[in-house]
Amino acid sequence: MMVNLTVKDMLDALGYMVVLFFVYVGYCFFNSASVSSKDTNHTKGKSSDNRDEVEEEDNEVEPPRNFTQKQLLYFDGNMDPKTQETKPVYFAVNGIVFDVTKGREFYGPGGPYQLFAGHECGVALAKMSFDTQYLDDLEGCSKLNHGEKEELDNWINKFEHWRCYPIKGRLIPDCKLPDPGRVLSLEDLWEHNGEGPVPDGYATAPIYIGAHDKVYDVSFGGVSFYAKGCSYNVFAGRNAARALATMSLDAEVAKNPDISDLTEKQIKVLNDWKNTFEERKCYPVVGRLAVA
């Protein structure tokens, strides 16, 4: 009996074969890399131990940070038009942000998985799909069926333990960020000075900094500057408008939110700080301060 295939049927079959091909290539890549790494370590033996210790000392590990969706999108592996430097390649899997730069040939521009760069792709990987409708769907990871959840866990295990991609932090979807219009008190600020509890889904505790009327959470990329023991920790949990405007690291100045006597030049410096927080660093605004 002869079966008549339409052009649509043939295209659907071809598309399915393409997906299977890339999945197979990715599987071979992960497994061959794992075997190669084990063989190399075995042949080097103890002679590599001292060098590894030196490399660990030389390469300072960045503290875990939180990411907004906008921040994660920046790390797509393309050229940064401002710095003319090639950007790293990050993506998130069930909220865990991996630095997959050493797999650039797969995830960077021109690679078979390039559409995952800068996105949450847990659902897409679990379903082994390149359909963009499954990108940036962190909530969908909790709605997968049993088989898909196992596949998702397998991918996370491969990235973390086989490929040893560094974990940079956690992705916080926009719907989980605090309301930027809520009014916060100075007491609310101090409760979020980076030393409080870590909210569910976060990589590190929030670090709030007030800049006159707006409050920013600088745990989204500024942990190494504003966390306890760091250079600008004096601003953490404070309305630091006066300290920012006067470029002061004095703890007493940081506690004083009064800017009524600032000069025009100092007000400009304060606005420059706010512009840096919002436009360059993309720290999320998590509330407002009541300004008299």
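Counting begins at 1 with the first residue of the sequence.
Heavy atoms only, all atoms of each residue included: A236 and W190 are closest at O-CZ3, 3.6 Å. Here the shortest heavy-atom pairing between S219 and D217 reads OG-OD1, 2.7 Å. Closest heavy-atom contact between V223 and I207: CA-CD1, 4.4 Å. The minimum heavy-atom distance between L262 and A245, with the atom names listed, is CD1-CB, 3.5 Å. Of all heavy-atom pairs spanning I156 and I96, the tightest one is CG2-CD1, 4.1 Å. Contact record, A126 with L152: CB-CB, 4.0 Å, taken as the closest heavy-atom pair.
Of the charged side-chain nitrogens involved, at least one lies within less than 4.0 Å of a carboxylate oxygen, so that K268 and D272 count as a salt-bridged pair. Between K274 and E278, none of the side-chain N atoms (NZ, or NE/NH1/NH2) sits under 4.0 Å from a carboxylate O, so this pair counts as no salt bridge. Using a 4.0 Å cut-off between charged nitrogen and carboxylate oxygen, R288 and D179 do not count as a salt-bridge pair.
Separating the NZ atom in K149 from the CG atom in N94 is a distance of 10.0 Å, to the nearest 0.5 Å. Put simply, CG on N256 and CZ on R242 are 5.0 Å apart, with the number rounded to the nearest 0.5 Å. Distance check: E148 CD to L125 CG gives 12.0 Å after rounding to the nearest 0.5 Å. The CG atom of D153 lies 10.0 Å from the SG atom of C141; values are rounded to the nearest 0.5 Å. E187 contributes atom CD, which lies 13.0 Å from atom NE2 of H192 (distance to the nearest 0.5 angstrom). Here the SG atom belonging to C121 is positioned 11.5 Å from the CG atom belonging to D137, to the nearest 0.5 angstrom.
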Step by step, work out the side chain to side chain contact (heavy atoms under 4.5 Å, CB included) result for R104 and T86. CA-CA 11 Å; R104 180 181 296 276; T86 302; 3.3 Å; yes

Show, in sequence, the C-alpha distance, side-chain angles and deciding distance for T68 and L177, and conclude whether the side chain to side chain contact (heavy atoms under 4.5 Å, CB included) test is met. CA-CA 9 Å; T68 64; L177 291 173; 4.2 Å; yes

For a salt bridge (charged side-chain N to carboxylate O under 4.0 Å, His left out) check, start with the C-alpha distance between K176 and D200, then their side-chain angles and the critical distance, and finish with the verdict. CA-CA 10 Å; K176 298 295 184 180; D200 184 41; over 6 Å; no

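For Q71 and R65, the side-chain atoms include at least one donor-acceptor pair closer than 3.5 Å. S260 and D258 are linked by a side-chain donor-acceptor pair at a separation below 3.5 angstrom, with hydrogens and angles left out of the test. Inspection of the D99 and T101 side chains reveals an N or O donor paired with an N or O acceptor under 3.5 Å.
No single ILVMFWY cluster, assembled from side-chain heavy atoms under 4.5 Å apart, contains both V215 and F225. Transitive grouping of hydrophobic side chains (ILVMFWY, heavy atoms separated by less than 4.5 Å) keeps I209 and L184 in distinct clusters. No continuous path of ILVMFWY side-chain contacts below 4.5 Å connects V93 to Y74, so the two sit in separate hydrophobic clusters. V97 and Y165 are not part of a single hydrophobic cluster, where members link through side-chain heavy atoms under 4.5 Å apart. F159 and V123 fall within a single hydrophobic cluster, where Ile, Leu, Val, Met, Phe, Trp and Tyr are joined by side-chain heavy atoms under 4.5 Å apart, directly or via other members.
Under the 6.0 Å cut-off for aromatic ring centres, F75 and Y107 do not qualify, their centroids lying 6.0 Å or more apart. Between Y113 and F130, the gap from one ring centroid to the other is short of 6.0 Å. Taking the six-membered ring wherever Trp is involved, the centroid distance between the rings of F220 and Y283 does not fall below 6.0 Å.
At least one side-chain heavy atom of Y90 sits less than 4.5 Å from a side-chain heavy atom of K168. By the 4.5 Å heavy-atom criterion applied to side chains, H212 and L270 are counted as neighbours. Within the 4.5 Å cutoff, the side chain of P284 has no heavy atoms near those of the P180 side chain. Within the 4.5 Å cutoff, no side-chain heavy atoms of D188 are placed close to those of R182. Under the 4.5 Å side-chain criterion, counting only non-hydrogen atoms from C-beta, K127 is in contact with Y134. No side-chain heavy atom of R170 sits under 4.5 Å from any side-chain heavy atom of F67. Side chains of E160 and I167 form a contact here, defined as non-hydrogen atoms less than 4.5 Å apart. A heavy-atom distance below 4.5 Å is not found between the side chains of V183 and L289.
Between Y226 and F235, the ring planes are tilted. Angles from 30° to 60° get that label.
Side chain of N154 to main chain of E150: a donor-acceptor pair is present (N/O by atom type, distance under 3.5 Å, no hydrogens or angles). Checking side-chain atoms of D136 against main-chain N and O of H119 turns up no donor-acceptor pair under 3.5 Å. Panel note: side chain E279, backbone T276; no donor-acceptor pair is recorded below 3.5 Å. Side-chain atoms of E120 come within 3.5 Å of backbone atoms of G122 as a donor-acceptor pair (strictly under, hydrogens ignored).
For the salt bridge (charged side-chain N to carboxylate O under 4.0 Å, His left out) condition, the pairs that include at least one residue of residues 86-95, sequence neighbours left out, are D76-K87.
Counting non-hydrogen atoms of neighbouring residues, nucleotides and ligands closer than 6.0 angstrom, the CZ atom of F277 exceeds 12 such neighbours.
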